[in-house]
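Here's the structure we're looking at; comments come further down.
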Amino acid sequence: TSAMTVRPVCVFGLVNSAGKLVEAHSLQPSDPNSKAAVKDAKAINFSAMMAPGAPPQQHFVFVIEKFISPE
């Protein structure tokens with residue numbers, strides 16, 4: 001609704017060869033939702049995004065979490 005504000009928090013991290021997000025950090029550390037954004041991003045299973053049959057690799061990723069709050 002018009003009385004709601006969307007507050008994005010960007011998380012940067014490394015996805016290891018097992019598909020787990022490690023070394024994740026919020027790019028807005030002062031945002032009150034920063035810790036929740038990192039926790040949510042770490043819960044994502046990135047192994048499904050890896051190409052079948054490809055050798056395991058590490059990747060840097062950005063995850064954008066959106067938090068909605070009343071104005």
Below 4.5 Å, heavy atoms only, C-beta onward: do [X] and [Y] meet side chain to side chain?
X	Y	value
V61	L21	yes
E65	P8	no
S17	Q57	no

Does [X] belong to the same Ile/Leu/Val/Met/Phe/Trp/Tyr cluster as [Y], with side-chain heavy atoms less than 4.5 Å apart forming each link?
X	Y	value
V6	M4	yes
L27	V63	no
F62	F46	no

Taking all atoms of both residues into account, what is the closest heavy-atom pair of V38 and S26, and its distance?
-> CG2-N, 3.7 Å
What pair of heavy atoms forms the shortest contact from D31 to R7, and how long is it?
-> OD2-NH2, 2.9 Å
Mind checking the CG-CD spacing from L14 to Q58? Nearest 0.5 Å is all I need.
->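 That separation rounds to 4.5 Å.
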How long is the span from the CZ atom in F60 to the CD atom in E23, to the nearest 0.5 Å?
->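 Those atoms lie 9.5 Å apart.
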Just by distance, do the side chain of N16 and the backbone of G19 share a donor-acceptor pair under 3.5 Å?
->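 Yes, because the side chain of N16 sits within donor-acceptor range (under 3.5 Å) of the backbone of G19.
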Can you pull the side-chain hydrogen bond (donor to acceptor under 3.5 Å, both in side chains) pairs that have at least one residue in residues 37-53, sequence neighbours excluded?
->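 For residues 37-53, and leaving out neighbouring residues, the side-chain hydrogen bond (donor to acceptor under 3.5 Å, both in side chains) pairs sorted by first residue read N45-S47.
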